[in-house]
2 protein chains.
Amino acid sequence: MVSKTCEYAIRAMLFIAQKSKSDIKVGVKHIAKAIDSPEPFIAKILQELSRKGLLQSAKGPTGGFFLDNAGLKQNLADIVVAVDGDKLFTGCGLGLKSCSEKKPCPIHDEFVAVRRQIKTMMKSATLDDYNTSLELGEKYLKR
Amino acid sequence: MVSKTCEYAIRAMLFIAQKSKSDIKVGVKHIAKAIDSPEPFIAKILQELSRKGLLQSAKGPTGGFFLDNAGLKQNLADIVVAVDGDKLFTGCGLGLKSCSEKKPCPIHDEFVAVRRQIKTMMKSATLDDYNTSLELGEKYLKR
DNA sequence: GAAATAAAAGAGTAAAAACTCTTTTATTTT
DNA sequence: AAAATAAAAGAGTTTTTACTCTTTTATTTC
(Lines give C-alpha, C1' and ligand atoms only; values in the text may rest on other atoms or scores of the structure.)
Protein backbone atom coordinates (compact mmCIF):
# COMPACT_ATOMS: atom_id res chain seq x y z
CA MET A 1 0.00 0.00 0.00
CA VAL A 2 2.74 2.45 1.01
CA SER A 3 6.51 1.88 0.62
CA LYS A 4 8.58 0.56 3.49
CA THR A 5 10.37 3.89 3.57
CA CYS A 6 7.00 5.52 4.12
CA GLU A 7 6.04 3.11 6.88
CA TYR A 8 9.25 4.00 8.74
CA ALA A 9 8.59 7.69 8.15
CA ILE A 10 5.09 7.54 9.61
CA ARG A 11 6.19 5.56 12.65
CA ALA A 12 9.11 7.93 13.26
CA MET A 13 6.91 11.00 12.90
CA LEU A 14 4.36 9.59 15.35
CA PHE A 15 7.15 8.91 17.83
CA ILE A 16 8.69 12.37 17.41
CA ALA A 17 5.22 13.90 17.83
CA GLN A 18 4.94 12.26 21.23
CA LYS A 19 8.28 13.61 22.40
CA SER A 20 7.66 17.05 20.94
CA LYS A 21 4.60 17.40 23.16
CA SER A 22 7.00 17.64 26.09
CA ASP A 23 9.48 19.75 24.11
CA ILE A 24 12.01 16.96 23.86
CA LYS A 25 14.25 16.67 20.80
CA VAL A 26 15.15 13.11 19.89
CA GLY A 27 18.29 11.81 18.22
CA VAL A 28 18.34 9.27 15.43
CA LYS A 29 19.63 6.54 17.73
CA HIS A 30 16.71 6.99 20.08
CA ILE A 31 14.17 7.06 17.25
CA ALA A 32 15.59 3.96 15.58
CA LYS A 33 15.34 2.06 18.81
CA ALA A 34 11.81 3.23 19.53
CA ILE A 35 10.38 2.25 16.17
CA ASP A 36 12.72 -0.69 15.51
CA SER A 37 14.26 0.55 12.26
CA PRO A 38 17.76 0.65 10.73
CA GLU A 39 19.41 3.73 12.20
CA PRO A 40 21.17 5.18 9.12
CA PHE A 41 18.09 4.56 7.02
CA ILE A 42 15.65 6.44 9.22
CA ALA A 43 18.27 9.20 9.51
CA LYS A 44 18.25 9.63 5.77
CA ILE A 45 14.46 9.62 5.56
CA LEU A 46 14.10 12.23 8.30
CA GLN A 47 16.75 14.47 6.74
CA GLU A 48 14.77 14.42 3.53
CA LEU A 49 11.54 15.25 5.36
CA SER A 50 13.31 17.98 7.28
CA ARG A 51 14.51 19.49 4.02
CA LYS A 52 10.92 19.43 2.82
CA GLY A 53 9.85 21.20 5.98
CA LEU A 54 7.74 18.43 7.54
CA LEU A 55 9.80 18.49 10.70
CA GLN A 56 12.63 20.44 12.32
CA SER A 57 16.10 19.44 13.43
CA ALA A 58 18.91 20.82 15.56
CA LYS A 59 22.56 19.81 15.50
CA GLY A 60 24.91 19.38 18.43
CA PRO A 61 24.38 18.11 21.96
CA THR A 62 20.74 18.25 23.12
CA GLY A 63 19.92 18.44 19.42
CA GLY A 64 17.79 16.07 17.43
CA PHE A 65 14.55 16.00 15.49
CA PHE A 66 11.35 17.65 16.67
CA LEU A 67 8.03 19.01 15.50
CA ASP A 68 6.77 22.55 15.95
CA ASN A 69 3.10 23.30 16.52
CA ALA A 70 2.36 23.42 12.80
CA GLY A 71 4.17 20.11 12.36
CA LEU A 72 2.00 18.45 14.98
CA LYS A 73 -1.06 19.44 12.97
CA GLN A 74 0.03 17.41 9.95
CA ASN A 75 -1.79 14.23 9.03
CA LEU A 76 -0.64 10.90 7.66
CA ALA A 77 -1.56 11.82 4.09
CA ASP A 78 0.95 14.69 4.22
CA ILE A 79 3.73 12.25 5.07
CA VAL A 80 2.64 9.71 2.48
CA VAL A 81 2.61 12.32 -0.28
CA ALA A 82 6.02 13.65 0.78
CA VAL A 83 7.58 10.18 0.69
CA ASP A 84 5.69 8.20 -1.95
CA GLY A 85 4.04 10.93 -3.98
CA ASP A 86 0.31 10.89 -4.63
CA LYS A 87 0.01 7.69 -6.66
CA LEU A 88 -1.80 5.99 -3.78
CA PHE A 89 -4.52 8.62 -4.01
CA THR A 90 -4.67 9.04 -7.77
CA GLY A 91 -3.25 5.95 -9.55
CA CYS A 92 -5.30 3.32 -11.40
CA GLY A 93 -5.89 0.02 -9.62
CA LEU A 94 -4.73 -1.90 -12.69
CA GLY A 95 -1.82 0.41 -13.53
CA LEU A 96 -3.37 2.00 -16.61
CA LYS A 97 -1.94 5.41 -17.39
CA SER A 98 -5.01 7.00 -18.87
CA CYS A 99 -7.63 5.35 -16.69
CA SER A 100 -10.30 7.94 -15.95
CA GLU A 101 -14.01 8.54 -15.70
CA LYS A 102 -14.08 8.79 -19.48
CA LYS A 103 -11.97 5.70 -20.15
CA PRO A 104 -12.27 3.59 -17.02
CA CYS A 105 -10.61 0.28 -16.28
CA PRO A 106 -12.97 -2.53 -15.22
CA ILE A 107 -12.58 -1.74 -11.54
CA HIS A 108 -12.33 2.04 -11.81
CA ASP A 109 -15.44 3.00 -9.84
CA GLU A 110 -14.74 0.58 -7.02
CA PHE A 111 -11.16 1.80 -6.73
CA VAL A 112 -12.22 5.40 -6.59
CA ALA A 113 -14.31 4.49 -3.56
CA VAL A 114 -11.48 2.57 -1.90
CA ARG A 115 -9.02 5.39 -2.47
CA ARG A 116 -11.41 7.93 -1.08
CA GLN A 117 -11.77 5.88 2.09
CA ILE A 118 -7.99 5.65 2.46
CA LYS A 119 -7.60 9.37 1.91
CA THR A 120 -10.34 10.23 4.37
CA MET A 121 -8.76 7.98 6.96
CA MET A 122 -5.30 9.48 6.47
CA LYS A 123 -6.59 13.02 6.67
CA SER A 124 -8.98 12.54 9.57
CA ALA A 125 -6.40 12.77 12.35
CA THR A 126 -3.31 14.90 13.01
CA LEU A 127 -0.08 13.50 14.42
CA ASP A 128 -1.03 15.17 17.67
CA ASP A 129 -4.32 13.27 17.74
CA TYR A 130 -2.44 9.96 17.95
CA ASN A 131 -0.47 11.01 21.01
CA THR A 132 -3.04 10.14 23.64
CA SER A 133 -3.58 6.52 22.67
CA LEU A 134 0.17 6.00 22.28
CA GLU A 135 0.85 7.47 25.72
CA LEU A 136 -1.84 5.35 27.29
CA GLY A 137 -0.13 2.30 25.81
CA GLU A 138 -3.22 1.37 23.82
CA LYS A 139 -1.33 1.54 20.53
CA TYR A 140 2.17 0.48 19.50
CA LEU A 141 4.89 1.57 17.06
CA LYS A 142 7.21 -1.38 17.42
CA ARG A 143 7.53 -5.07 16.55
CA MET B 1 -1.49 -1.52 -3.79
CA VAL B 2 -0.77 -4.61 -5.93
CA SER B 3 2.52 -5.32 -7.75
CA LYS B 4 2.95 -4.44 -11.40
CA THR B 5 3.19 -8.16 -12.14
CA CYS B 6 -0.22 -8.55 -10.55
CA GLU B 7 -1.71 -5.69 -12.55
CA TYR B 8 -0.58 -7.37 -15.76
CA ALA B 9 -1.94 -10.70 -14.53
CA ILE B 10 -5.39 -9.28 -13.81
CA ARG B 11 -5.59 -7.46 -17.13
CA ALA B 12 -4.48 -10.58 -19.03
CA MET B 13 -6.95 -12.79 -17.19
CA LEU B 14 -9.79 -10.37 -17.94
CA PHE B 15 -8.82 -10.41 -21.60
CA ILE B 16 -8.52 -14.19 -21.75
CA ALA B 17 -11.90 -14.47 -20.03
CA GLN B 18 -13.48 -12.48 -22.83
CA LYS B 19 -12.01 -14.73 -25.51
CA SER B 20 -12.79 -17.90 -23.63
CA LYS B 21 -16.49 -17.01 -23.71
CA SER B 22 -16.34 -17.74 -27.45
CA ASP B 23 -14.03 -20.73 -26.96
CA ILE B 24 -11.04 -18.95 -28.45
CA LYS B 25 -7.53 -19.70 -27.19
CA VAL B 26 -5.16 -16.75 -27.31
CA GLY B 27 -1.41 -16.72 -27.79
CA VAL B 28 0.99 -14.60 -25.79
CA LYS B 29 1.58 -12.23 -28.69
CA HIS B 30 -2.10 -11.47 -28.97
CA ILE B 31 -2.50 -11.00 -25.22
CA ALA B 32 0.52 -8.72 -24.94
CA LYS B 33 -0.86 -6.49 -27.66
CA ALA B 34 -4.35 -6.40 -26.19
CA ILE B 35 -3.26 -5.35 -22.71
CA ASP B 36 -0.15 -3.41 -23.76
CA SER B 37 2.42 -5.40 -21.80
CA PRO B 38 5.93 -6.78 -22.48
CA GLU B 39 5.39 -10.06 -24.29
CA PRO B 40 7.98 -12.31 -22.55
CA PHE B 41 6.98 -10.94 -19.20
CA ILE B 42 3.28 -11.70 -19.47
CA ALA B 43 4.24 -15.12 -20.86
CA LYS B 44 6.15 -15.89 -17.72
CA ILE B 45 3.37 -14.67 -15.46
CA LEU B 46 0.73 -16.74 -17.25
CA GLN B 47 2.91 -19.86 -17.20
CA GLU B 48 3.17 -19.48 -13.45
CA LEU B 49 -0.59 -19.03 -13.09
CA SER B 50 -1.19 -22.00 -15.37
CA ARG B 51 1.06 -24.14 -13.18
CA LYS B 52 -1.01 -23.04 -10.22
CA GLY B 53 -4.16 -24.04 -12.05
CA LEU B 54 -5.75 -20.59 -12.46
CA LEU B 55 -5.95 -21.00 -16.21
CA GLN B 56 -5.29 -23.59 -18.89
CA SER B 57 -2.91 -23.67 -21.82
CA ALA B 58 -2.40 -25.67 -25.01
CA LYS B 59 0.77 -25.92 -27.07
CA GLY B 60 1.09 -25.99 -30.82
CA PRO B 61 -0.85 -24.24 -33.59
CA THR B 62 -4.33 -23.07 -32.53
CA GLY B 63 -2.98 -23.37 -29.01
CA GLY B 64 -2.73 -20.65 -26.41
CA PHE B 65 -4.13 -19.71 -23.04
CA PHE B 66 -7.77 -20.12 -22.07
CA LEU B 67 -10.11 -20.42 -19.12
CA ASP B 68 -12.49 -23.29 -18.43
CA ASN B 69 -15.86 -22.75 -16.78
CA ALA B 70 -14.42 -23.01 -13.31
CA GLY B 71 -11.70 -20.54 -14.30
CA LEU B 72 -14.27 -18.00 -15.41
CA LYS B 73 -15.83 -18.11 -11.95
CA GLN B 74 -12.66 -16.88 -10.27
CA ASN B 75 -12.51 -13.38 -8.85
CA LEU B 76 -9.78 -10.74 -8.68
CA ALA B 77 -8.82 -11.70 -5.13
CA ASP B 78 -7.89 -15.19 -6.34
CA ILE B 79 -5.44 -13.71 -8.84
CA VAL B 80 -4.01 -11.22 -6.34
CA VAL B 81 -3.35 -13.96 -3.78
CA ALA B 82 -1.75 -16.22 -6.43
CA VAL B 83 0.62 -13.48 -7.57
CA ASP B 84 1.27 -11.27 -4.53
CA GLY B 85 0.26 -13.52 -1.67
CA ASP B 86 -2.22 -12.33 0.93
CA LYS B 87 -0.27 -9.44 2.44
CA LEU B 88 -2.72 -6.95 0.91
CA PHE B 89 -5.54 -8.58 2.89
CA THR B 90 -3.69 -9.28 6.11
CA GLY B 91 -0.61 -7.05 6.46
CA CYS B 92 -0.28 -4.09 8.84
CA GLY B 93 -0.63 -0.61 7.38
CA LEU B 94 2.58 0.50 9.07
CA GLY B 95 4.53 -2.68 8.38
CA LEU B 96 4.52 -3.99 11.95
CA LYS B 97 4.97 -7.73 12.15
CA SER B 98 2.90 -8.41 15.21
CA CYS B 99 0.22 -5.78 14.70
CA SER B 100 -3.08 -7.27 15.84
CA GLU B 101 -6.25 -6.60 17.78
CA LYS B 102 -4.25 -7.21 20.96
CA LYS B 103 -1.27 -5.07 20.02
CA PRO B 104 -2.56 -2.66 17.40
CA CYS B 105 -0.64 -0.01 15.53
CA PRO B 106 -2.11 3.51 15.68
CA ILE B 107 -4.11 3.03 12.50
CA HIS B 108 -5.00 -0.62 12.96
CA ASP B 109 -8.79 -0.31 13.17
CA GLU B 110 -9.04 2.02 10.20
CA PHE B 111 -6.86 -0.26 8.10
CA VAL B 112 -8.93 -3.28 8.94
CA ALA B 113 -11.91 -1.43 7.50
CA VAL B 114 -10.05 -0.39 4.37
CA ARG B 115 -8.76 -3.90 3.77
CA ARG B 116 -12.22 -5.35 4.23
CA GLN B 117 -13.57 -2.99 1.60
CA ILE B 118 -10.82 -3.97 -0.84
CA LYS B 119 -11.42 -7.65 -0.21
CA THR B 120 -15.17 -7.30 -0.65
CA MET B 121 -14.65 -5.44 -3.88
CA MET B 122 -12.25 -8.03 -5.25
CA LYS B 123 -14.48 -10.92 -4.33
CA SER B 124 -17.76 -9.41 -5.45
CA ALA B 125 -17.40 -10.18 -9.15
CA THR B 126 -16.11 -13.11 -11.20
CA LEU B 127 -13.95 -12.69 -14.30
CA ASP B 128 -17.03 -13.64 -16.29
CA ASP B 129 -18.97 -10.78 -14.70
CA TYR B 130 -16.59 -8.25 -16.26
CA ASN B 131 -17.12 -9.59 -19.78
CA THR B 132 -20.26 -7.66 -20.62
CA SER B 133 -18.98 -4.18 -19.88
CA LEU B 134 -15.73 -4.95 -21.69
CA GLU B 135 -17.56 -6.22 -24.76
CA LEU B 136 -19.81 -3.19 -24.77
CA GLY B 137 -16.71 -1.02 -24.80
CA GLU B 138 -17.66 0.67 -21.54
CA LYS B 139 -14.43 -0.43 -19.86
CA TYR B 140 -10.83 -0.68 -21.08
CA LEU B 141 -7.75 -2.82 -20.46
CA LYS B 142 -5.21 -0.77 -22.33
CA ARG B 143 -3.29 2.52 -22.19
C1' DG C 1 38.59 26.92 22.58
C1' DA C 2 38.60 21.78 23.00
C1' DA C 3 35.89 17.83 23.19
C1' DA C 4 31.72 15.77 22.51
C1' DT C 5 27.37 15.35 20.28
C1' DA C 6 24.31 15.10 16.57
C1' DA C 7 22.58 16.10 11.98
C1' DA C 8 23.88 16.81 6.72
C1' DA C 9 25.50 15.03 2.67
C1' DG C 10 26.78 11.95 -0.57
C1' DA C 11 28.70 7.82 -2.26
C1' DG C 12 28.28 3.03 -2.07
C1' DT C 13 26.14 -1.83 -1.52
C1' DA C 14 22.45 -5.45 -1.35
C1' DA C 15 18.18 -7.33 -2.34
C1' DA C 16 13.96 -7.49 -4.70
C1' DA C 17 11.03 -6.50 -8.56
C1' DA C 18 10.56 -5.95 -13.29
C1' DC C 19 11.75 -7.38 -17.59
C1' DT C 20 14.54 -10.18 -21.57
C1' DC C 21 16.62 -13.91 -24.11
C1' DT C 22 17.52 -18.54 -25.51
C1' DT C 23 16.67 -23.23 -25.75
C1' DT C 24 13.51 -27.06 -25.39
C1' DT C 25 9.29 -29.61 -25.81
C1' DA C 26 4.69 -30.52 -27.27
C1' DT C 27 1.10 -30.26 -30.79
C1' DT C 28 -0.99 -29.56 -35.12
C1' DT C 29 -1.33 -28.91 -39.92
C1' DT C 30 0.13 -30.07 -44.44
C1' DA D 1 7.20 -37.28 -41.45
C1' DA D 2 8.38 -32.30 -41.94
C1' DA D 3 7.43 -27.69 -41.01
C1' DA D 4 5.28 -24.47 -38.35
C1' DT D 5 3.31 -22.85 -34.16
C1' DA D 6 3.05 -21.96 -29.43
C1' DA D 7 3.92 -22.79 -24.56
C1' DA D 8 7.63 -24.42 -20.88
C1' DA D 9 11.67 -23.68 -18.60
C1' DG D 10 15.42 -21.48 -16.94
C1' DA D 11 19.18 -18.40 -17.01
C1' DG D 12 20.32 -13.63 -17.44
C1' DT D 13 19.86 -8.43 -17.23
C1' DT D 14 18.10 -3.94 -15.67
C1' DT D 15 15.89 -0.97 -12.61
C1' DT D 16 14.15 0.30 -8.34
C1' DT D 17 13.89 0.03 -3.52
C1' DA D 18 15.99 -0.72 0.65
C1' DC D 19 19.73 -0.09 3.37
C1' DT D 20 24.96 1.16 4.87
C1' DC D 21 29.17 3.68 5.50
C1' DT D 22 32.15 7.58 5.71
C1' DT D 23 33.17 12.28 5.91
C1' DT D 24 31.80 16.92 6.96
C1' DT D 25 29.62 20.63 9.40
C1' DA D 26 27.18 22.83 13.05
C1' DT D 27 26.24 23.36 17.97
C1' DT D 28 26.79 22.95 22.75
C1' DT D 29 28.92 22.02 27.08
C1' DC D 30 32.87 22.18 29.95
Side-chain angles (χ1 to χ4, degrees), chain A residues 1-12 16 19-20 24-67 80 82-85 87-88 91 94-95 97, chain B residues 1-13 16 19-20 24-67 80 82-85 87-88 91 94-95:
Chain A
M1 185 130 347
V2 301
S3 68
K4 236 172 162 189
T5 302
C6 190
E7 292 174 357
Y8 286 137
I10 293 173
R11 281 153 60 198
I16 296 166
K19 295 297 168 184
S20 291
I24 296 169
K25 292 175 201 138
V26 270
V28 164
K29 205 166 295 183
H30 191 171
I31 297 169
K33 207 168 220 172
I35 68 167
D36 195 20
S37 76
E39 190 184 317
F41 192 41
I42 193 63
K44 199 170 199 182
I45 298 169
L46 290 176
Q47 278 161 29
E48 167 78 11
L49 289 181
S50 154
R51 224 174 299 125
K52 290 190 177 174
L54 277 78
L55 79 164
Q56 284 66 48
S57 69
K59 290 185 174 183
T62 77
F65 291 95
F66 63 100
L67 285 156
V80 170
V83 178
D84 283 350
K87 64 181 189 296
L88 175 62
L94 297 185
K97 284 195 192 65
Chain B
M1 184 129 347
V2 302
S3 69
K4 234 171 163 190
T5 301
C6 190
E7 292 175 356
Y8 285 138
I10 293 173
R11 280 154 60 197
M13 290 289 273
I16 296 166
K19 295 298 168 181
S20 291
I24 295 170
K25 292 174 199 138
V26 270
V28 164
K29 205 166 296 186
H30 192 170
I31 297 169
K33 206 168 223 172
I35 68 167
D36 195 21
S37 76
E39 190 184 317
F41 192 41
I42 193 64
K44 197 169 202 187
I45 298 169
L46 291 175
Q47 278 160 29
E48 167 77 11
L49 289 182
S50 154
R51 224 174 298 126
K52 290 190 176 172
L54 277 78
L55 80 164
Q56 283 68 47
S57 69
K59 289 184 176 185
T62 78
F65 291 95
F66 62 99
L67 285 156
V80 171
V83 178
D84 283 349
K87 64 179 187 299
L88 174 62
L94 295 185

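What you are looking at is a predicted structure, and each value in this text was computed from that prediction instead of being measured. To find a chain, count down the sequence lines: A is the first, B the second, and so on, and within it residues start at 1.
Rounding to the nearest 0.5 Å places CD1 of B/Ile45 at 11.0 Å from CD1 of B/Ile31. To the nearest 0.5 angstrom, A/Lys87 atom NZ is 10.5 Å from B/Met1 atom CE. Considering NE2 of A/His30 and NZ of A/Lys19, their distance stands at 5.0 Å, rounded to 0.5 Å. Interatomic distance, CZ of B/Phe65 versus CG of B/Leu54, reported as 12.5 Å (0.5 Å rounding). B/Leu49 CG to B/Ile42 CD1: the interatomic distance, rounded to the nearest 0.5 Å, is 8.0 Å. The distance from the CD1 atom of B/Ile35 to the CD1 atom of B/Ile10 is 10.5 Å, given to the nearest 0.5 Å.
The interatomic distance linking A/Ile16 (CD1) with C/dA7 (C1') rounds to 12 Å, in whole Å. Between the CD atom of A/Gln56 and the P atom of C/dA6 there is a distance of 19 Å, rounded to whole Å. In this structure, CZ of A/Phe66 is placed 12 Å from P of D/dT27, rounded to the nearest angstrom. Going from atom CG of B/Leu46 over to atom P of C/dC19 covers 14 Å, rounded to whole Å. Note: CD1 (A/Ile42) to P (C/dA6) measures 17 Å, nearest angstrom. As rounded to whole Å, 14 Å separates atom C1' of D/dT5 from atom CZ of B/Phe65. Atoms CG (A/Leu49) and C1' (C/dA8) sit 14 Å apart, rounded to a whole Å. Atom pair A/Ile45:CD1 and C/dA8:C1' shows a separation of 15 Å (rounding to whole Å applied).
In the region residues 24-37 of chain A, proximity to DNA chain C at under 4.0 angstrom, judged on heavy atoms, holds for A/Val26, A/Gly27, A/Val28. For DNA chain C, the residues of residues 1-10 of chain B within the heavy-atom distance limit of 4.0 Å (strictly under) are B/Ser3, B/Lys4, B/Thr5, B/Tyr8, sorted by number.
Each end of the helix from C/dG1-D/dC30 to C/dT30-D/dA1 gets its own axis from five base pairs, and the two axes differ in direction by 10°, given to 10 degrees.
With a 4.5 Å cut-off on side-chain heavy atoms, B/Val2 and A/Leu94 do not count as touching. Between A/Phe41 and A/Thr5, the closest side-chain pair of non-hydrogen atoms falls below 4.5 Å.
With sequence neighbours left out, A/Lys25 forms a side-chain contact (heavy atoms from CB on, under 4.5 Å) with A/Ala58, A/Phe66. A search for side chain to side chain donor-acceptor pair (under 3.5 Å) contacts involving B/Asp84 returns B/Ser3, not counting sequence neighbours.
Residue B/Ala58 is classed as a sugar-phosphate contact, given heavy-atom separations below 4.0 Å to backbone atoms only.
Under the 4.0 Å criterion applied to side-chain N and carboxylate O atoms, A/Glu48 and A/Lys52 are assigned as salt-bridge partners. Looking at A/Arg11 and A/Glu7, no side-chain N of the basic residue comes within less than 4.0 Å of a carboxylate O on the acidic one, giving no salt bridge.
B/Gln47 contributes no side-chain N or O that forms a donor-acceptor pair with the base of D/dA7 under 3.5 Å.
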Can you name the atoms? Protein N/O to nucleotides 20-25 of chain D N/O, anything below 3.5 Å, with the distance.
unit_1, atom_1, unit_2, atom_2, d
D/dT25, O2, A/Lys59, NZ, 3.4

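Taking the side chain of B/Thr62 as heavy atoms from C-beta on, and the options D/dT27, D/dA8, C/dT28, the nearest nucleotide is C/dT28. Distances were taken from every side-chain heavy atom of B/Arg51 (C-beta onward) to each of D/dA9, D/dT28, C/dT27; the shortest belongs to D/dA9.
Note on A/Ser57: a side-chain N or O is less than 4.0 Å away from OP1 or OP2 of C/dA8.
In this structure a side-chain-to-backbone donor-acceptor pair under 3.5 Å is missing from B/Ser50 to B/Leu46.
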